[in-house]
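Since the structure is predicted, the reported quantities are computational estimates derived from the model, not experimental observations. Chain letters run A, B, ... following the sequence lines, proteins first, then strands; residues in each count from 1.
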Amino acid sequence: MHVIVCVKQIPDPALPGELDPATNTLKREGKLILDESDGYGVEMALQLVTAAGGGEVSLVSMAPNDEVSGLRTALAMGAAKAVLVSDPALSGADALTTAKVLGAATKKLDDADLILAGTESSDGYTGTVPEQLAEVLGLPSVTFAKTVEVADGALKVDRQTEAGYDEVSCPLPAVVSVTAGVVEPRYPSFKGIMAAKSKPVETVTLGDLGIDAVSWAQQIVSVDDAPEREAGEVIEDDGEAFGKIVEFLDNLKVI
Amino acid sequence: MSDSVASSPFYTEDHDAFREVVRQFAEKEIAPHVHEWDLAGEVPRDLYNKAGAIGFFGDGFDEEFGGHGQRDALMRLVLMQEISRAGSGGVVAALLSNYIGLPPVQKFGSDELKARVLTPCMSGEAIAALAITEPSGGSDVARIRTTARRDGDHYVINGSKTFITSGMRADFFTTAVRTGGEGAAGLSMVVIDGDSPGLDRTPLDKMGWLASDTATLYFDDVRVPVENLLGHEGAGFSMIVNNFNPERIDLAAQSIAFARVCYEEALAWARERETFGKRLADHQVIRHKLVEMDRRINANQAWLELLAWRLNAGDDPVAEICEAKVDATLAFEFCAREAAQILGGASYLRGDTVERLYREVRVQAIGGGSEEIMRDLAGRQIGL
Ligand SMILES: Cc1cc2nc3c(=O)[nH]c(=O)nc-3n(C[C@H](O)[C@H](O)[C@H](O)COP(=O)(O)OP(=O)(O)OC[C@H]3O[C@@H](n4cnc5c(N)ncnc54)[C@H](O)[C@@H]3O)c2cc1C
């Protein structure tokens, strides 16, 4: 079985991020790491390949400056190879453009039985790339998967809903978005880290993918700071404070 | 902190990548549980399997037996310091008994013995321990009394060992025994299986390292196949001595990581806590304490990285490793004390990280060669 996983490499969320004032998008110049929400897709893909009794997990990613640090993490977890699209013309690209580029990148690899992606990235949160990728590739799209099983050449997915989950069946190949937290991503091992250094990562430009020009309609027109949290009300206890607290909670309709 | 390619010339991308893994491992798998494990008096058995899965035990061991296939003192420094960030010497000691018990097997064991001992220990299925110290003394290694008498194709072991880390649960004991006459030349090293008839263990109740089990071992006519002898008879003393160098730099590396944990706890508190109308960090007395802590940590860290680099380059700086262990444990002791002062009463409560480290400092300065012995050995190496 061949599973392709879309992985995003993002600035370390533990460090303070900065916006580019010209484009209102996140600055991505420094080292990028594997988006935590994509760790679940990588883990699920590795488990599926093991369950299938053999095969390979490949990665596709789009990132500036030929950045491969995040890809190396996924390779160290056990993925076999990767295609990275890195092109200055893609700086600030919107979600649809990303989906088109990733779709073209999957063509650099053998045909996939299954394509996995996270439901949304931790830095952009548009949450639309997997569905758009399915459309670009003309494949069925299943979203918010909490379990994924392949049996008799078809896909069985439990799809998270607000009330519970749907049981979805779907032919392969398909694009599936994986809900964060549904599997426990393995730690890369020392051996995995060393082996990842010699795993193939093909870095390509738009030209290499046969894409002449890109343009996108989506623009971030303005960015506002999140409103500061307002100070709470302090009730001094004069022996009767409990009454005020009861009244306050009553007004909130919590009691 | 000098802890990455970005901040130190010694580290490579490989060090950074493994550092990240061990850091996350310590943060997620260890830090939330350290108090609970202190109360339990042990770490869960499956922590060894989890640590084995990331390759935690492999530095310096052959790849065919599950090791890294390389010895990298800088990688080892990374490993020690990141695992120590969880703030529990007990957890570190428990996991680390492999790193003191197994190197003699790697260097002097037959392939058969290595396959039987190293392979399960690398994966975390088995645990190894080092048994040198005896009730009659630990510093004076040449006076070991436990005997191994040859009987056909076995040695028969009689005697006792004490203060043995992982002693209650270890599957293999790399043990110093007397096969010959008096003094250093009569010592040998054998591997004793944990399930050998005639081997008894009793637990020791300690001041710190509570999450690590420590035991006294009794050998009563314990029969050990001669294949379990490491190297040749009489080679034990030099094995013991050579095994101490990595253990000592490991203990120094842990101590500085623990010192940093104390410093960071104190720093966070000093920035938040207000007394007499200003933050603790705004009182000059407290500022100076924090800077003193940082100063000593930084100096030790730089020294340790340089020593690790020299070890990788083939140098054997025995005197400096002794000195570094002394300075690192003194710095740790200082930082634990000053952090406790800054935290005030909070540092006296069970479960507090500084409270735990304050107790654990003591063993860092005694185990693996006490401060006094370290100074003495350094003095001899320098040729005073
Ligand atoms: C929690 C814990 C875990 C341990 N784990 C292990 C283990 O896994 N395996 C193992 O083999 N051992 C282990 N040890 C033992 C440890 O290595 C010894 O405690 C240490 O070597 C000191 O030996 P001792 O306690 O017998 O003290 P002694 O050798 O009796 O010395 C007592 C004191 O006298 C000082 N002293 C001794 N000789 C001199 C001298 N020539 N000049 C000046 N001062 C001197 C020492 O510094 C020491 O402070 C552990 C100890 C502890 C506390």
Side-chain angles (χ1 to χ4, degrees), chain A residues 7 9-16 29-40 42-43 46-47 50 59 61 63 65-79 82 84 122 180-199 201 203 234, chain B residues 1 3-7 11-30 46-72 74-80 82-83 85 95 98-99 119 122-124:
Chain A
V7 297
Q9 304 177 84
I10 64 170
D12 188 343
L15 307 173
E29 279 112 35
K31 180 180 167 178
L32 303 177
I33 64 169
L34 177 68
D35 187 345
E36 197 181 320
S37 53
D38 288 326
Y40 303 105
V42 175
E43 178 61 38
L46 292 167
Q47 290 183 12
T50 306
L59 311 166
S61 185
N65 309 322
D66 297 350
E67 176 61 68
V68 294
S69 300
L71 283 175
R72 290 278 172 227
T73 302
L75 292 167
M77 287 171 72
L84 170 72
S122 314
V182 296
V183 283
E184 182 81 39
R186 68 196 64 188
Y187 296 99
S189 68
F190 176 85
K191 271 190 191 157
I193 290 167
M194 293 317 216
K197 292 197 292 181
S198 51
K199 288 182 177 174
V201 178
T203 303
V234 178
Chain B
M1 174 173 178
D3 69 352
S4 66
V5 171
S7 60
Y11 297 117
T12 64
E13 297 288 342
D14 295 344
H15 297 124
D16 274 13
F18 198 50
R19 177 189 298 285
E20 192 52 41
V21 172
V22 185
R23 182 171 292 187
Q24 281 182 23
F25 185 83
E27 230 167 64
K28 291 193 190 144
E29 311 293 335
I30 299 178
D46 78 342
L47 185 67
Y48 291 84
N49 302 82
K50 289 183 184 173
I54 64 167
F56 183 80
F57 302 116
D59 179 57
F61 297 98
D62 289 347
E63 209 165 359
E64 61 176 308
F65 304 115
H68 292 178
Q70 64 174 53
R71 168 82 173 101
D72 177 355
L74 283 157
M75 191 65 91
R76 181 77 156 260
L77 188 59
V78 165
L79 209 146
M80 289 301 144
E82 292 304 330
I83 207 76
R85 286 174 72 98
L95 290 175
N98 275 347
Y99 268 121
T119 308
M122 291 295 120
S123 70

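Nearest heavy-atom pair, A:Ser189 versus B:Ala53, reported as atom, atom and distance to 0.1 Å: CB-O, 3.3 Å.
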Donor-acceptor contacts, no H, no angles, side chain residues 58-67 of chain B, under 3.5 Å, sequence neighbours left out:
unit_1, atom_1, unit_2, atom_2, d
B:Asp59, OD1, B:Asp72, N, 2.9
B:Asp59, OD2, B:Arg71, NH1, 2.7
B:Asp59, OD2, B:Arg76, NH1, 3.0
B:Asp62, OD1, B:Gln106, NE2, 2.8
B:Asp62, OD2, B:Lys114, NZ, 3.3

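If you measure heavy-atom distances from B:Ala17 to chain A, the contacts under 4.5 Å come from both the backbone and the side chain.
Atom CZ of A:Arg72 and atom CG of B:Asp16 lie 14.5 Å apart (nearest 0.5 Å).
Inter-residue side-chain proximity for A:Met194 and B:Gln70 is flagged as met; some heavy-atom pair is nearer than 4.5 Å.
Of the listed residues (B:Glu20, B:Glu29, B:Lys50), just one forms a side-chain contact (heavy atoms from CB on, under 4.5 Å) with A:Tyr187, and that residue is B:Glu29.
Using cut-offs of 30° and 60° for the angle between ring planes, the B:Phe18 and A:Phe190 rings count as perpendicular.
In the displayed structure, A:Glu36 atom CD is contacted under 6.0 Å by at most 12 heavy atoms of other residues, nucleotides or ligands.
Partners of A:Asp66 by side chain to side chain donor-acceptor pair (under 3.5 Å), not counting sequence neighbours, listed by chain and number: A:Ser86.
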